[in-house]
**Q** 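I have a structure here, written as structure tokens, and I will follow up with some questions on it.
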2 protein chains.
Amino acid sequence: MKHSTDTKERLLDAAEEVFAREGYRAASLRAITARAAVNLAAVNYHYGSKRELVEAVFARRLQTMNQARMRGLAQVREQARAAGRRPSPRTLIAAFVEATLGQDRSGPGERHFMALVVRSFSDTDRTVQRAFENYMKPAFDALRAAMTEALPALPAADLWWRLQFTIGAMIRVQHLALAADTAANTAPRTPDAAAIRLLIDFVYAGLSAPPAAPSRHPAAAQGELS
Amino acid sequence: MKHSTDTKERLLDAAEEVFAREGYRAASLRAITARAAVNLAAVNYHYGSKRELVEAVFARRLQTMNQARMRGLAQVREQARAAGRRPSPRTLIAAFVEATLGQDRSGPGERHFMALVVRSFSDTDRTVQRAFENYMKPAFDALRAAMTEALPALPAADLWWRLQFTIGAMIRVQHLALAADTAANTAPRTPDAAAIRLLIDFVYAGLSAPPAAPSRHPAAAQGELS
DNA sequence: GTCTATAGATTGATAGAC
DNA sequence: GTCTATCAATCTATAGAC
């Protein structure tokens, strides 16, 4: 081996960036290898195929990012237990959102990973869809378990939907941050702290709203909330 | 002209379906023309290029869909004015969400248009991004104007963000509905009325939450909401 | 491990007969 | 307006020299 580790790692960094910018399908191995300054054939030698390359890009960040989210939730639960009370839904959702969107990302390709996640959200390709699911599901399940404990009065189905709305709002924030960076032609940044703060307020209000009344007419539900 | 109208229209229907299922980039003109049962060269003859074809697909639905959303908002404002009160934020947001997600779509390609919109949300291609923007912006601005009137105490910047969170949650709902249809191998359907109802409750709670307090520590804001 | 060279397939677009 | 046939460009993947 000459610089195999270098080449292999540089390929991951370049792939993360190019996949994020161009999308999986549109990104060509030629663009990636050119960005990494390695030979085209290196992709096949080190990873076997384009598909396995993008899987490796996700796999590299997956564990770290999910652990950060789990740790955020665990800390809140621990502090609550130490104080002898139930974890508050607001601190739980704040920890989850901050761990997902607010993390400082300083590594070479690390800044591009969230861009890749957003792009993968509605990607057509099955490999990419599975990768997105692998990224989102463990943390979503952990959040759901924690919120079930924090909001015992809310039916499980309602909670599930509300957490899906939360995911959607989070993706939108990350997407807007990326679109702004693209328009300004700058490297991807973390969303503004102010936007994250507003997001937490918004989804907390939505999550902790009273369960829907079984009323027939939409207007009838108005009184209970306003 | 022999059946030029038929061919031109059938191409739009097929393109709407194939673009929605495969994504703009991955969809090939051969797949589209095969689905439409027309000759490959017909795309170039009737539309000029793949890019102009997808633009025509969006253009066909754009006006109708935006008018439906505008009309929903206008009706609410009119009813409120007739009753001599301010339009309630809940009925406004309900009208907007219903007009966007709850519309019955029975036309041949019409059912696939919302799938195309969701896919286009994070599409890499510039043409597709512009088309998505054209679809979303007029209705978003109308909603923002109406909500500004309905929530006069909320700072404009806060309202803007909260409406963006709302868009994100709406896209998530449509995306989940589509993913379920794809998994079940059925044609795209409108999201469940129950999910739409929960979505409206969620975003209404988030939109009408009190403006953020200028507190430094996140936990300090808890008291005002719980 | 890295390189050149190329196979093999697919694509968007178009020329030209009918 | 519709068709066949094909061009020219692009892509992933790989064989084989070094």
Side-chain angles (χ1 to χ4, degrees), chain A residues 1-58 116 119-120 123-131, chain B residues 1-58 116 119-120 123-131:
Chain A
M1 54 159 181
K2 225 188 271 180
H3 320 87
S4 87
T5 310
D6 280 0
T7 297
K8 210 171 171 180
E9 202 75 14
R10 283 229 305 284
L11 261 176
L12 278 188
D13 291 340
E16 193 162 44
E17 181 176 339
V18 177
F19 279 139
R21 195 177 56 236
E22 317 266 358
Y24 172 67
R25 179 90 186 216
S28 75
L29 296 184
R30 281 173 176 79
I32 292 169
T33 51
R35 184 85 184 80
V38 305
N39 189 271
L40 171 62
V43 172
N44 205 261
Y45 178 79
H46 286 289
Y47 295 100
S49 68
K50 185 182 182 182
R51 166 186 302 267
E52 287 161 290
L53 175 61
V54 76
E55 283 171 348
V57 167
F58 272 97
L116 179 57
R119 294 260 151 96
S120 303
D123 197 302
T124 290
D125 187 272
R126 291 198 49 189
T127 302
V128 176
Q129 284 188 342
R130 254 219 331 272
Chain B
M1 55 159 178
K2 224 186 274 181
H3 319 88
S4 88
T5 311
D6 281 359
T7 297
K8 211 172 171 181
E9 204 74 16
R10 283 229 306 284
L11 260 175
L12 278 188
D13 291 339
E16 193 163 43
E17 180 174 341
V18 178
F19 280 139
R21 194 176 56 237
E22 317 265 358
Y24 172 66
R25 179 90 187 218
S28 76
L29 296 183
R30 281 170 176 81
I32 293 169
T33 51
R35 184 85 186 79
V38 305
N39 189 271
L40 171 62
V43 172
N44 206 262
Y45 179 79
H46 287 288
Y47 295 98
S49 68
K50 184 182 182 181
R51 166 186 304 268
E52 288 161 290
L53 176 60
V54 76
E55 281 171 350
V57 167
F58 272 97
L116 180 56
R119 293 259 150 99
S120 304
D123 197 300
T124 290
D125 187 271
R126 292 199 46 188
T127 303
V128 176
Q129 283 188 343
R130 255 219 329 273

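Just so we're on the same page: letters track the sequence lines, and every chain starts at 1. The shown structure was predicted, so the numbers you read here are calculated from the model rather than taken from an experiment. Hydrogens, waters and symmetry mates are skipped; everything else that's a heavy atom, side chains included, is used.
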**Q** Across the strands shown, which category fits A:Ala26 at heavy-atom distances under 4.0 angstrom: base, sugar-phosphate, nothing?
**A**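 No contact.
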**Q** Which part of the nucleic acid does B:Ala41 contact within heavy-atom distance under 4.0 Å: base, sugar-phosphate only, or nothing?
**A**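 The answer is base, as B:Ala41 lies within the cut-off (heavy atoms under 4.0 Å) of a base atom.
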**Q** Atom CG of A:Leu12 and atom OG1 of A:Thr7: how far apart are they, to the nearest 0.5 Å?
**A**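 Output value for this atom pair is 11.5 Å.
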**Q** Does D:dG1 have its OP1 or OP2 closer than 4.0 Å to a side-chain nitrogen or oxygen of B:Asn39?
**A**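 Checking D:dG1 against B:Asn39, no side-chain N or O comes under 4.0 Å of OP1 or OP2.
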**Q** Does C:dG12 have OP1 or OP2 under 4.0 Å away from a side-chain N or O of B:Asn44?
**A**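 Checking B:Asn44 against C:dG12: no side-chain N or O falls below 4.0 Å of OP1 or OP2.
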**Q** Round to a whole Å and report the spacing from OH of B:Tyr45 to P of D:dG1.
**A**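 Rounding to the nearest Å, OH of B:Tyr45 and P of D:dG1 are 5 Å apart.
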**Q** In whole Å, what is the span from the CG atom of A:Leu40 to the P atom of C:dA5?
**A**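 Result: 13 Å.
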**Q** Taking the six-membered ring of B:Tyr24 (Phe, Tyr or Trp), confirm whether the NZ or CZ of B:Lys50 is under 6.0 Å from its centre and within 45° of its axis.
**A**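 Yes; both conditions hold, so B:Lys50 lies above the ring face of B:Tyr24.
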**Q** I need the CZ-P distance between B:Arg30 and C:dG12, as an integer number of Å.
**A**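 Checked: the CZ to P distance equals 7 Å.
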**Q** So, is A:Thr7 near the phosphate of C:dT2, with a side-chain N or O under 4.0 Å from OP1 or OP2?
**A**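 Checking C:dT2 against A:Thr7, a side-chain N or O does come within under 4.0 Å of OP1 or OP2.
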**Q** In whole angstrom, give the distance that lies between atom CD of B:Glu22 and atom P of C:dG12.
**A**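 So the CD-P distance, B:Glu22 to C:dG12, works out to 11 Å.
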**Q** Just how far, in rounded Å, is P of D:dA13 from CG of A:Leu29?
**A**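 Rounded to whole Å, this separation is 6 Å.
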**Q** Base, sugar-phosphate, or nothing: which does A:Ala31 touch, judged by heavy atoms less than 4.0 Å apart?
**A**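 Result for A:Ala31 = nothing.
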**Q** First locate atom CG of A:Leu53, then atom NE2 of A:His46, and finally report the distance between them rounded to the nearest 0.5 Å.
**A**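 Taking CG in A:Leu53 and NE2 in A:His46, the distance rounds to 11.0 Å.
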